[in-house]
Amino acid sequence: MSKKERATWIWDAHTLKDSTEMLSFFEKQSVKDVYVQIDASVSDFVYQSFIEKAHEQGMRVHALDGSPEYTEKDLDTFLRRIRPLDWDGIHLDIEPYLSSEWKTDQKKAVYRYERLIKRAADSGWTLGADIPFWYDEVSASTGGTLAEFVIQHTDYTVIMAYRDSAEKVMDVSAKERALGRLLEKNVSIAVETIANPEAGGISFFGKSAAYFEKELETLENECGCQVAVHHAESWKTLLNQ
């Protein structure tokens with residue numbers, strides 16, 4: 001049985017300069033969507049070359065940007081940078097809850113974040129965003145929850161449902177997946193593979209490759225949605241350890 005189409009992130013864009021091994025890995029792992037960090041020190045030629053090779057393999061490549069303190073000026077700079085190239089869309093990982101503003105004035109931080117999402121949605125690009133599963137507990141300025149706001153305003157949303165078993169991932173992402181069905185929006189779920197997560201029970205790192213693959217397939221079958229693996233390098237490491 002063929003694997004379902006998956007997604008992943010590339011945070012170190014310098015690895016794109018020699019992407020043959022990475023693209024081969026993506027092909028073996030049925031990766032369909034790749035979110036690639038935009039780095040000022042990486043040339044457009046390197047990005048475009050990778051995009052073309054990925055397209056030859058039938059993959060979609062999304063320009064990735066964001067930070068806790070992300071501003072509208074940052075977004076505009078990002079959009080100008082990517083415009084000349086053949087990206088398939090943009091992907092934001094902003095995580096405003098890690099900003100200093102969130103600690104002092106959460107409502108203001110939420111409003112700033114909502115403005116960024118709306119501005120990106122109006123850019124003309126296909127828009128995706130990463131959100132934690134607990135955004136269903138954060139109020140949006142427009143009413144409802146922040147999870148509902150992001151799912152409504154993006155073309156697809158990736159839920160960072162970071163737990164180390166398929167059952168737990170399904171449990172923490174249940175409300176967002178239900179919102180996706182209700183709003184008729186694409187919602188996918190993400191799993192973590194990094195070596196040093198912020199808490200126990202979050203990452204699949206240290207689990208066997210067989211266990212990880214089994215849980216991934218269980219997720220794909222039960223969710224009926226795309227599963228994204230964070231991130232490409234740590235995914236490779238997990239499978240090779």
Side-chain angles (χ1 to χ4, degrees), residues 1-13 15-16 19 21-37 54 59-62 64 66 68 91-95 97-98 128-137 147 150 156-178 180 186-241:
M1 185 173 65
S2 61
K3 295 178 181 177
K4 292 183 170 60
E5 293 176 347
R6 297 168 174 173
T8 195
W9 292 254
I10 293 178
W11 288 107
D12 183 1
T15 62
L16 301 180
S19 60
E21 183 182 349
M22 185 71 77
L23 287 167
S24 176
F25 174 75
F26 288 165
E27 188 171 26
K28 289 176 183 175
Q29 296 301 324
S30 299
V31 172
K32 179 67 175 182
D33 292 281
V34 187
Y35 316 129
V36 180
Q37 174 70 37
M59 286 185 274
R60 294 182 290 251
V61 188
H62 311 256
L64 167 65
H91 192 92
L92 296 180
D93 188 300
I94 296 177
E95 304 187 26
Y97 47 89
L98 297 177
D130 302 326
I131 67 170
F133 63 83
W134 49 264
Y135 269 9
D136 56 43
E137 299 174 356
V150 177
Y156 68 94
T157 308
V158 180
I159 312 305
M160 296 184 286
Y162 294 164
R163 291 293 184 269
D164 60 0
S165 75
E167 181 181 4
K168 293 174 184 175
V169 170
M170 289 293 289
D171 181 54
V172 299
S173 65
K175 290 182 181 179
E176 284 73 22
R177 290 183 289 107
N186 289 324
V187 169
S188 59
I189 50 181
V191 296
E192 182 66 278
T193 62
I194 62 171
N196 297 300
E198 60 193 29
I202 288 177
S203 178
F204 280 94
F205 181 84
K207 307 290 186 182
S208 70
Y211 172 81
F212 178 65
E213 187 60 37
K214 175 177 173 291
E215 294 301 283
L216 214 55
E217 290 178 358
T218 298
L219 273 176
E220 290 166 336
N221 292 332
E222 292 186 6
C223 174
C225 62
Q226 188 182 61
V227 174
V229 180
H230 185 262
H231 53 84
E233 288 293 344
S234 57
W235 186 4
K236 286 173 60 183
T237 299
L238 186 153
L239 295 184
N240 293 328
Q241 66 187 2

Seminar exercise, completed: Nearest heavy-atom approach of Val187 to Glu176 is CG2-O, 3.9 Å

For this session: Assess whether atom NZ of Lys175 is packed by more than 12 heavy atoms of other residues, nucleotides or ligands within 6.0 Å.
Result: no

Exercise. Between His91 and Tyr35, what is the ring plane arrangement, given parallel below 30°, perpendicular above 60°, and tilted in between?
Worked result: parallel

Exercise. For Ala166, does its backbone N or O pair with a side-chain atom of Glu215 as donor and acceptor, under 3.5 Å?
Worked result: yes

For this session: For residues Leu238 and Ser208, report the shortest heavy-atom separation together with the two atoms involved.
Result: CD2-O, 4.4 Å

Problem set entry | Under the side-chain contact (heavy atoms from CB on, under 4.5 Å) test, residues paired with Asp164 that sit two or more places apart | Lys168, Lys207

Exercise. How many angstroms lie between CD in Gln226 and NZ in Lys4, if you round to the nearest 0.5 Å?
Worked result: 12.0 Å

For this session: To the nearest 0.5 Å, tell me how far Trp235 CH2 sits from Arg6 CZ.
Result: 5.5 Å

Problem set entry | Distance (rounded to the nearest 0.5 Å) between Leu92 CG and Ile131 CD1 | 12.5 Å

Problem set entry | Nearest-0.5 Å distance, CD of residue Glu5 to OG of residue Ser188 | 12.0 Å

For this session: Of all the heavy-atom pairs spanning Asp12 and Thr15, show the shortest one and how long it is.
Result: O-OG1, 2.7 Å

Seminar exercise, completed: Residue set satisfying side-chain contact (heavy atoms from CB on, under 4.5 Å) with Cys225, at least two apart, ordered chain then number -> Ile189, Cys223

Problem set entry | Residue pair Thr8 / Ala232: nearest heavy atoms and the distance that separates them | OG1-N, 3.2 Å

Seminar exercise, completed: Here the gap from Ser203 atom OG to Phe212 atom CZ, rounded to the nearest 0.5 Å, amounts to 8.5 Å

Problem set entry | Side chains of Thr157 and Tyr135 in contact at under 4.5 Å (non-hydrogen atoms) | no

Exercise. So does Gln241 have more than 12 non-hydrogen atoms from other groups sitting under 6.0 Å from CD?
Worked result: yes

For this session: Indicate yes or no: at least one non-hydrogen side-chain atom of Glu192 is less than 4.5 angstrom from one of Met160.
Result: no

For this session: Would you give the length of the straight line joining atom NE2 of His231 to atom CH2 of Trp11, rounded to the nearest 0.5 angstrom?
Result: 9.0 Å

For this session: Write down the atom of Ser165, the atom of Phe204, and the distance for their closest heavy-atom approach.
Result: N-CZ, 3.6 Å

Problem set entry | Under 3.5 Å donor-acceptor, Asn221 side chain and Glu217 backbone | yes

Exercise. Can you name the nearest heavy-atom pair linking Arg163 to Val169, along with the distance?
Worked result: O-CG2, 3.5 Å

For this session: Answer yes or no: is there a side-chain heavy-atom contact under 4.5 Å between Ile10 and Gln37?
Result: no

For this session: Could you verify whether a donor N or O on one side chain and an acceptor N or O on the other, from Asp93 and Trp9, lie under 3.5 Å apart?
Result: no

